[in-house]
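Presented below is the structure to which this report refers.
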Amino acid sequence: MHPPSRQDYISISFAGQGSGSYNNSKQWRRQSCWRKWKQLSRLQRSLVLVFLFICGIASYPAVTEQLKGLTDGHPDTERPVLPEVVKQDQPPLPEPTPQRKLSNKRGPPVLENRQKKENALNTVVEDKASDSKKEGEEEEGVINWRGAVINTDPASEGTKNGENKEGSPANQKVQLSVESANWREAVQEAFRHAWKGYKDFAWGHDELRPLSKSYSEWFGLGLTLIDALDTMWILGLKEEFEEAKTWVAAELTFNKNVDVNLFESTIRILGGLLSTYHLTGDTLFLDKAKDIGSRLMPAFNTPSKIPYSDVNIGKGTAHPPRWTSDSTVAEVTSIQLEFRELTRLTQEPQYQAAVAEVMKQVHKLDGKLDGLVPMFINTNNGQFTHQGIYTLGARADSYYEYLLKQWIQGGKKENELLEDYLQAIEGVKKNLLQKSSPNGLTFVGELSHGQFSPKMDHLVCFLPGTLALGAHNGLPADHMDLAKQLMETCYQMYIQMETGLSPEIVHFNMHQGSTRDIEVKLADRHNLLRPETVESLFYLYRFTKDQKYRKWGWKILQNFNKYTKVSSGGYTSINNVRDPDYPSPRDKMESFFLGETLKYLYLLFSDDPNLISLDQYVFNTEAHPLPIWPSTK
Ligand code: DMJ
């Protein structure tokens, strides 16, 4: 913080009284002026008054300007907590200029009523945009930075270049709409690029390996294609959607002798099919959802009814991992939204009953710390194992997310879910929340047998969005305050890295005298194209309408384009977010990049809050929107 500016003042001096005793007392000056005034003729007095009046008019603008300068907030208060990393050995980036080209490609097709409104807005905005972009249309908005070709950032330009001249509220609104239309189009382009790679080299397989122009198989079920279905629908990519649908109809079969992970196939496949059914109304997707849902049910045949991690969907057998009889807590408690919805749609109670039993048991279990759960649960006796370690990251994360979201999905009636959620957030505040040094970033660390560790997974960045969603649904307002603080931290995890992309795990400094807040260990420097931060940006923007969240999302998208885009098609995870010269591509595009990351970015840039309204839908943990159940009251 800077001290408040010193108030400048104007001093006026009168001519002295010649020699003799100099008396400059206030009273003497008042009397002397009055005497002089009285000695003037009426004409002289009028002239003096007219002169003073003219002087007053002439100096008005300068004085008001000066006063304005004194009363305006200090510009520093607008800045994020930390400045962006200034790379050594390189000049600062030039101020970006508006160059991004608006392509002539068609806008999103009209898919359904909910989208019509958004599309109408897009069309108007694009027309306006293309008018104003005639000059420099060939340039794709590039500046050269360490040999990398990057897009410029209209986010900051709009205000810098145009604000003062064209800053009327109406103009600003148009400008923001143009920006958001450009950004949505950039997301569509990114999706098309990713899809091209998948289509050319991995069609019908689980994941694209964009550098080797091949694919990897996890379950052998076309994972990326299924995960991306509703994204294509939401982004208005009708052609791509139709070709994927043809594949689902003709090729997708679950009658395969293959082991799948219960959690991953529930959130990606069952969730993806259910949401696509809801968005399109096409029963093809519901039929496929029923098929995979019923094939996953053997996982619940365990002594404790806590499901096994793996199921063979062809043979109808299930088992835990080879080395343990434990399941992961987040996995067994983050399949509920999907199975509950399957019961609602099919009227077959077994799906909901199975996942409700898990929640009932976990609700009653010993071994929690102020509502925080351990990471493992045993499928034989139903007890927590490896107790004493508490994290909001891997293996526990979506337990907390699904407490809140099930409560919302069911119409906010299931009190045990709400109680567990509220207690857990209090547990986070009490045990895991700390501030970093020197800049006081709020972060969520981990606890291991009473010992605090300032380690935070990127996965934890789902939390700002979840907290904001809770506050939107009537939970305490301080949840929103915490959401904003954590959002800032998650953004700093990106912007403080040399590539502007977050590592998988960071450690925060807490010692006084630290020079930087965030440290990254060698083994944690990878980025898997994960969605959690842009997911939270989407929620924060929806609820606050603060443009900064969109600008942050735009920066992140630009950095994905700079460092992870593969020219022949697709995007790749990288090994080193700290080396912009060689981020070391990993040759894998995770399905959640299409299922989640690009979807949340598009929704972040959408001007239509009814495009997947958060009062009508709840997103599963793989970003597949499922309906909030209509009230039965
Ligand atoms: C996704 O599969 C889901 O978001 C899950 O909850 C966490 N891991 C990935 C994305 O990071």
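Indexing begins at 1, ligand by ligand and atom by atom, following the structure's order.
From Thr544, atom OG1 reaches atom NZ of Lys548 across 8.0 Å, with rounding to the nearest 0.5 Å.
The shortest contact between atom 8 (N) of ligand 1 and any protein heavy atom is with Arg530 NH1, 3.5 Å.
Remark: the Glu217 side chain and the His205 side chain contain an N/O donor-acceptor pair separated by less than 3.5 Å.
Looking at Pro531 against ligand 1, only its side chain comes within 4.0 Å, counting heavy atoms. Contact annotation for Leu528 and ligand 1: no heavy atom of the residue comes within less than 4.0 Å of the ligand. At a 4.0 Å heavy-atom cut-off, ligand 1 touches Glu532 through the side chain alone.
On a distance-only criterion, Glu596 and ligand 1 share at least one N/O pair closer than 3.5 Å.
In this structure, Thr379 contributes its side chain and Ser325 its backbone to a donor-acceptor pair below 3.5 Å.
Taking the centre of each ring, His458 and Tyr494 come in below the 6.0 Å mark.
Contact analysis puts Arg268 in contact with ligand 1, with a non-hydrogen atom separation below 4.0 angstrom.
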Self-check item: Derivation and outcome, ring pair (Phe, Tyr, Trp, His ring centres under 6.0 Å), residues Tyr308 and Phe300
Solution: CA-CA 7 Å; Tyr308 290 132; Phe300 296 90; over 10 Å; no

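Among the candidates Phe191, Tyr571, Trp195, the single residue satisfying the ring-ring contact (aromatic ring centres under 6.0 Å, His included) test with Phe593 is Tyr571.
Listed by number with element, the atoms of ligand 1 under 4.0 Å from a non-hydrogen atom of Leu459 are 7 (C), 8 (N), 11 (O).
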